[in-house]
Protein chains: 2
Amino acid sequence: MPRRKSLDHVVVPQAVMRRLPVYYRYLGALLARGTERVSSQELSRMIGITASQMRQDLSYFGSFGQQGYGYRVRDLHRAITEILGLHRTYQLVLVGVGNLGRALVSYPSFANRGFRFCGLFDNDPRLIGSEFCGLEIRPVDTLADFLHQCPVDIGVITAPPEVAQQIADVLVAGGVPAIWNFAPTSLKVPKGVIVEHTHISESLMVLSFRLNNPEEADTSVESASNQ
Amino acid sequence: MPRRKSLDHVVVPQAVMRRLPVYYRYLGALLARGTERVSSQELSRMIGITASQMRQDLSYFGSFGQQGYGYRVRDLHRAITEILGLHRTYQLVLVGVGNLGRALVSYPSFANRGFRFCGLFDNDPRLIGSEFCGLEIRPVDTLADFLHQCPVDIGVITAPPEVAQQIADVLVAGGVPAIWNFAPTSLKVPKGVIVEHTHISESLMVLSFRLNNPEEADTSVESASNQ
DNA sequence: GGTGGCTTGTGATCGGTTTAACAAGTCACA
DNA sequence: TGTGACTTGTTAAACCGATCACAAGCCACC
């Protein structure tokens, strides 16, 4: 009988949080394959971590398995879906409709999982007024107004670093509680506003470092985070 | 007198490695601003870590500062450039010329830092034969041949997850020592081949989790990693 | 040249994350 | 129904990374 903990006043370690999407991904694959049950040993071996770690991670959120049986794939998948907040929908705006911005807007699995883009912004006159994926591209200086009329959950910044802070300020002033930042720069935001950086170029630099510093340790590295 | 350690048989912790690009970025900004010297206190405060951590991180690679003075921005920048391997050039191939692939190929700061795309591959007949950024888009089934004629340092996978493993196999067989993977799937590669995952969608899921689980802890989180 | 203030590099300590171990509970099958 | 093999959730131990604290050394100014 899967039982979810309350989570209030329980601090989830960063390291655990970063692994949740990995569990979600592998469980999704098992689900698609029609697998009904899985043990912590099987799943953790697929992922490449220890069974102990997986069980301990899950224990932050509740009890989802049965001794001697393991986990029902469907139940655990659903549980993690809810833990991650993927059972609800989110309104997104994106600022900076370059190649990266277009990649994100047109990425099908975002829409499938409830991430709905409701506004695209740019300051390139050649783009403004045109459509992409059924959305009009609007001038950046109308962003503040837009936010007043349409509440937004997540602001995505795929603009050049020089203007990233400025955009973040407008998003914050407009009441956007979370920012997904792809600009290679840090953002200063008031306490309480959530910022998730995805610095693609840093990932390439790590690759370059690893190419030049042969480790004897294992080679595969998943993306995770902390500051 | 900046002094670089040998690095052989010194294991650099993942966490340290992930911070190197951050140091590099901030030092670059200082350099561009014309700042000559910086103390660990100043720099770490900008970044949002402790001065102790920064000094300890640097100590894995050598001694780059001077007591009572701090660090010469230019020297430290150059040192980290070399540690990261950004002083040399790399040949890249990219497989999957969608929006994300185009974003990477056209990103100017990659070319500026020595990352040279020398081959683009796709299996969409509408793309094959056309040009992007001065490079012909070739059919994926010519990738193996291409790798025999042109040695490649990094293979970039921006293709759908269903074909990612297949592409990785061809890259590995072709002697490519490192793979930069954007497909939302894990890759099985022989020991010794370097794989750096950049799972964009996982980053969004973490954001969604954080939106639904208000932490009292600090809010800004940089991208880093481990597996 | 001497003195004071400042800053580095590093050993010691602290805290958090990962691994190990086990009691309790479930299923399958005789 | 009883037994054995299996698996969870959790407590304890080991490990690793972050912070602290300080001796050693440098610069600037008197």
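Rounded to whole Å, the distance from CZ on B:Arg18 to C1' on D:dG17 is 15 Å. Between B:Tyr60 atom OH and C:dT10 atom C1' the separation is 11 Å, expressed in whole Å. Rounding to whole angstrom units, CG of residue A:Asp57 and P of C:dG16 are separated by 16 Å. One can place CE of A:Met54 at 15 Å from C1' of D:dT10, the figure rounded to the nearest angstrom. Here the P atom of nucleotide D:dT8 and the CZ atom of A:Phe61 are 18 Å apart, to the nearest Å. Between the CG atom of A:Asp75 and the P atom of D:dT8 there is a distance of 14 Å, rounded to whole Å. In this structure, A:Arg45 atom CZ and D:dT7 atom P are separated by 11 Å, rounded to whole Å. Between the C1' atom of D:dA18 and the CD atom of B:Gln14 lies a distance of 16 Å, rounded to the nearest Å.
Judged by distance alone, the side chains of B:Asp57 and B:Gln53 never bring a donor and an acceptor atom under 3.5 Å apart. With no hydrogens or angles considered, a side-chain donor-acceptor pair links A:Ser40 and A:Arg55 at under 3.5 Å. No side-chain donor-acceptor contact under 3.5 Å links B:Thr50 and B:Ser44. Side-chain contact annotation: A:Arg113 with A:Tyr24, donor-acceptor N/O pair under 3.5 Å present.
When distances are taken from the side chain of A:Gln53 to each of D:dT10, C:dT19, D:dT8, the shortest belongs to C:dT19.
In this structure, A:Arg37 fails the cation-pi test against A:Tyr71, since its NZ or CZ atom is not both closer than 6.0 Å to the six-membered ring centre and inside 45 degrees of the ring normal.
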Expected string for nucleotides 20-26 of chain C under the B/S/- scheme (protein heavy atoms, under 4.0 Å, primed atoms plus P, OP1, OP2 as sugar-phosphate) is BB--BBB
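The phosphate of D:dA18 has OP1 or OP2 within less than 4.0 Å of a side-chain N or O from B:Arg19. For C:dG9, the OP1/OP2 oxygens have a side-chain nitrogen or oxygen of B:Tyr71 closer than 4.0 Å. Taking only side-chain nitrogens and oxygens, A:Ser59 never comes nearer than 4.0 Å to OP1 or OP2 of D:dG9. Distances shown here put every side-chain N or O of B:Arg37 at or beyond 4.0 Å from the OP1 or OP2 atom of D:dC27.
From A:Asn99, atom CG reaches atom CG of B:Asn99 across 6.0 Å, with rounding to the nearest 0.5 Å. Summarising the geometry, atom CZ belonging to B:Arg25 is positioned 4.0 Å from atom OG belonging to A:Ser186; distances are rounded to the nearest 0.5 Å.
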